[in-house]
Amino acid sequence: MPNIKIFSGSSHPDLSQKIADRLGLELGKVVTKKFSNQETCVEIGESVRGEDVYIVQSGCGEINDNLMELLIMINACKIASASRVTAVIPCFPYARQDKKDKSRAPISAKLVANMLSVSGADHIITMDLHASQIQGFFDIPVDNLYAEPAVLKWIKENIPEWKNCIIVSPDAGGAKRVTSIADRLNVDFALIHKERKKANEVDRMVLVGDVTDRVAILVDDMADTCGTICHAADKLISAGATKVYAILTHGIFSGPAISRINNACFEAVVVTNTIPQEEKMKHCSKIQVIDISMILAEAIRRTHNGESVSYLFSHVPL
């Protein structure tokens with residue numbers, strides 16, 4: 001693939017390497033370091049003049065440092081005459097702050113969109129945005145890829161009784177995602193209505209739908225402290241579900257998440273590798289990982305060659 005360069009930020013080098021391997025490319029040379037006053041310094045170690053540049057950086061770990069590093073890398077490539085700079089952001093940072101849910105609340109996702117545009121990004125590739133309207137915060141093209149095809153594949157290969165399962169959304173926001181998966185599998189779905197008194201704490205839950213004597217599969221786009229899904233799992237078991245699985249695109253797992261999962265009644269908690277999971281898997285045997293590097297790699301290949309990306313919305317590349 002001529003005229004293409006892929007650089008990795010420091011947030012998820014493992015995923016970047018998998019993407020490069022899949023495309024048969026070497027990762028570009030880049031050195032990211034911090035000065036002693038904690039300023040980020042980026043040195044691009046090869047010419048990018050006239051090239052199609054892809055920078056892979058996920059919104060995880062030290063989120064603000066990684067975001068700043070991405071902005072600096074985009075800008076460094078842009079002013080070094082790259083013909084096009086695409087930010088590949090598997091997990092979009094600040095995606096949950098996408099509306100004014102209280103007076104004087106910021107819309108930080110829009111701010112991040114503006115920062116990416118101002119730094120010089122020409123195109124964004126991301127995965128399972130918390131709300132797909134976030135694409136409208138940008139004036140540049142955004143490809144919001146779905147983990148859904150990979151999730152369907154995992155369900156069919158790893159849950160023997162999937163034909164008698166029920167797909168459950170832990171909140172009303174994920175209803176669309178869940179109905180789409182339930183339709184593709186030709187099974188029923190259920191909803192859990194939750195009320196939050198304050199962020200990261202759930203007050204009460206109501207299950208809508210019948211899960212008696214079925215395998216329940218909770219599907220959501222992200223789990224942070226895991227309060228919601230662990231609550232939901234208890235609710236499902238007490239409502240008569242035989243087993244509970246959780247499938248999440250972005251496993252952030254901060255704070256008490258790991259101990260909550262260990263104590264909860266999940267058969268497995270399945271996440272994709274948009275965020276590095278190796279450390280968390282050491283502390284929790286229930287976590288399993290779906291590799292989505294081939295979806296991102298194929299999106300990069302298609303974008304570079306000027307082909308349509310919409311095939312990826314319903315198929316896993318082989």
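All values reported here derive from a predicted model rather than from experimental measurement. Scope of the values below: all heavy atoms of this structure, side chains included, with no hydrogens, waters or symmetry mates.
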- Any donor and acceptor pair, going by atom type alone, linking the side chain of His315 with main-chain N or O of Tyr311 inside 3.5 Å? yes
- Message: Distance check, rounded to the nearest 0.5 Å: Asp213 atom CG versus Ile166 atom CD1?
- Response: 11.5 Å
- Message: In the structure I gave you, are the side-chain heavy atoms of Val269 and Tyr245 within less than 4.5 Å of one another anywhere?
- Response: no
- Check the side chains of Asp221 and Tyr146 for a donor-acceptor pair under 3.5 angstrom, ignoring hydrogens and angles. no
- Between Phe137 and Lys110, which heavy-atom pair has the shortest distance, and what is it? O-NZ, 3.3 Å
- Query: What about Val53 and Ile6, same hydrophobic cluster or not, with Ile/Leu/Val/Met/Phe/Trp/Tyr joined at side-chain heavy-atom distances under 4.5 Å?
  - Reply: no
- Message: Is it true that Asp21 and Gln17 share a donor-acceptor pair across their side chains at a distance under 3.5 Å?
- Response: yes
- Query: Of the options Thr303, Asp52, Asn3, which is the one that meets Arg84 in a side chain to side chain donor-acceptor pair (under 3.5 Å)?
  - Reply: Asp52
- Message: Membership question, hydrophobic clusters at under 4.5 Å side-chain separation (ILVMFWY): are Met127 and Ile63 in the same one?
- Response: no
- Nearest-0.5 Å distance, CD1 of residue Ile217 to NZ of residue Lys243: 10.5 Å
- Message: To check you understand the geometry: which heavy-atom pair defines the closest contact between Ala175 and Leu191, and what is its length?
- Response: CB-CD2, 3.8 Å
- Measure the CG-CG distance between Leu248 and Leu218 for me, rounded to the nearest 0.5 Å. 8.0 Å
- For the student: nearest non-hydrogen atoms of Ile295 and Ala150, plus distance: CD1-CB, 4.1 Å
- Message: With a 3.5 Å distance limit and no angle check, can you tell me whether Ser58 reaches the backbone of Cys60 through a side-chain donor-acceptor pair?
- Response: no
- Message: Among Ile124, Asp122, Leu116, exactly one meets side chain to side chain contact (heavy atoms under 4.5 Å, CB included) together with Ile140. Which residue is that?
- Response: Ile124
- Item | Side chain His231, main chain Cys226, donor-acceptor under 3.5 Å | no
- Note on the structure: To the nearest 0.5 Å, atom CD of Gln288 lies from atom CZ of Phe266 at 13.0 Å
- Message: In this structure, would Met222 and Ile192 fall into the same cluster of hydrophobic residues linked by side-chain contacts under 4.5 Å?
- Response: no
- Task: Show the numbers, then the answer: is there a side-chain hydrogen bond (donor to acceptor under 3.5 Å, both in side chains) between Glu148 and Ser180?
- Result: CA-CA 9 Å; Glu148 183 184 293; Ser180 168; 2.8 Å; yes
- Task: Give a yes-or-no answer on whether the side chains of Ser83 and Glu51 include a donor-acceptor pair shorter than 3.5 Å.
- Result: no
- Message: Side chains of Thr225 and Arg260, heavy atoms from C-beta outward: is any pair under 4.5 Å?
- Response: yes
- 4.5 Å side-chain heavy-atom contact, Asp171 and Ser169: yes
- Side chains of Asp14 and Pro276: closer than 4.5 Å at any heavy-atom pair? no
- Work out which heavy atom in Asn262 is nearest to a heavy atom in Ser285; give both atom names and the distance. OD1-N, 4.4 Å
- Query: Does Asn263 CG have over 12 foreign heavy atoms under 6.0 Å away?
  - Reply: yes
- Message: side chain to side chain contact (heavy atoms under 4.5 Å, CB included), that's the test. Do Cys265 and Asp234 meet it? Break it down for me.
- Response: CA-CA 7 Å; Cys265 45; Asp234 296 342; 3.8 Å; yes
- Message: Side chains of His304 and Arg301, heavy atoms from C-beta outward: is any pair under 4.5 Å?
- Response: no
- Rounded distance (nearest 0.5 Å) linking atom CD of Gln57 with atom OG of Ser16: 8.0 Å
- His123 and Asp143: side-chain donor and acceptor closer than 3.5 Å? yes
- Item | side chain to side chain contact (heavy atoms under 4.5 Å, CB included) partner of Ile55, the single match among Val85, Ile89, Val88 | Val85
- Message: Looking only at the side chains, is there a donor atom on one of Asp224 and Ser254 sitting less than 3.5 Å from an acceptor on the other?
- Response: yes
- Message: Set out, in order, the CA-CA distance, both residues' side-chain angles and the distance that settles side chain to side chain contact (heavy atoms under 4.5 Å, CB included) for Lys29 and Ile44, then state yes or no.
- Response: CA-CA 6 Å; Lys29 293 184 191 62; Ile44 307 287; over 6 Å; no
- Taking Asn305 for its side chain and Glu307 for its backbone only, find out whether a donor-acceptor pair lies under 3.5 Å. no
- Task: Write down the atom of Asn144, the atom of Leu129, and the distance for their closest heavy-atom approach.
- Result: OD1-N, 3.1 Å
- Query: Between the main-chain N or O of Met68 and the side-chain N or O of Asp65, is there a donor-acceptor pair closer than 3.5 Å?
  - Reply: no
- Joint cluster assignment, Val42 & Leu67, ILVMFWY side-chain distance < 4.5 Å: yes
- Query: How close do Leu27 and Ser8 get, heavy atom to heavy atom, and via which atoms?
  - Reply: CD1-CB, 4.2 Å
- Query: Should the pair Lys5-Glu46 be classified as a salt bridge under the 4.0 Å nitrogen-to-oxygen rule?
  - Reply: yes
- Message: What's the separation between atom CG in Asp210 and atom CG in Asp188, rounded to the nearest 0.5 Å?
- Response: 8.5 Å
- Query: Mind checking whether Leu312 and Pro149 have side chains closer than 4.5 Å, heavy atoms only?
  - Reply: no
- Test item: Arg184 and Ser314 side chains (from C-beta on) under 4.5 Å apart, heavy atoms: yes
- Answer whether the closest heavy-atom distance between the side chains of Thr274 and Leu296 falls below 4.5 Å. no
- Query: Is it true that Glu298 and Arg302 make a salt bridge, defined as a side-chain N closer than 4.0 Å to a carboxylate O?
  - Reply: yes
- Query: Any salt bridge between Lys33 and Glu43, counting N to O under 4.0 Å?
  - Reply: yes
- Message: Hydrophobic cluster membership, with links at side-chain heavy-atom distances under 4.5 Å among I/L/V/M/F/W/Y: are Val316 and Ile19 in one?
- Response: yes
- With no hydrogens and no angle check, do the side chains of Asp128 and Thr249 hold a donor and an acceptor under 3.5 Å apart? yes
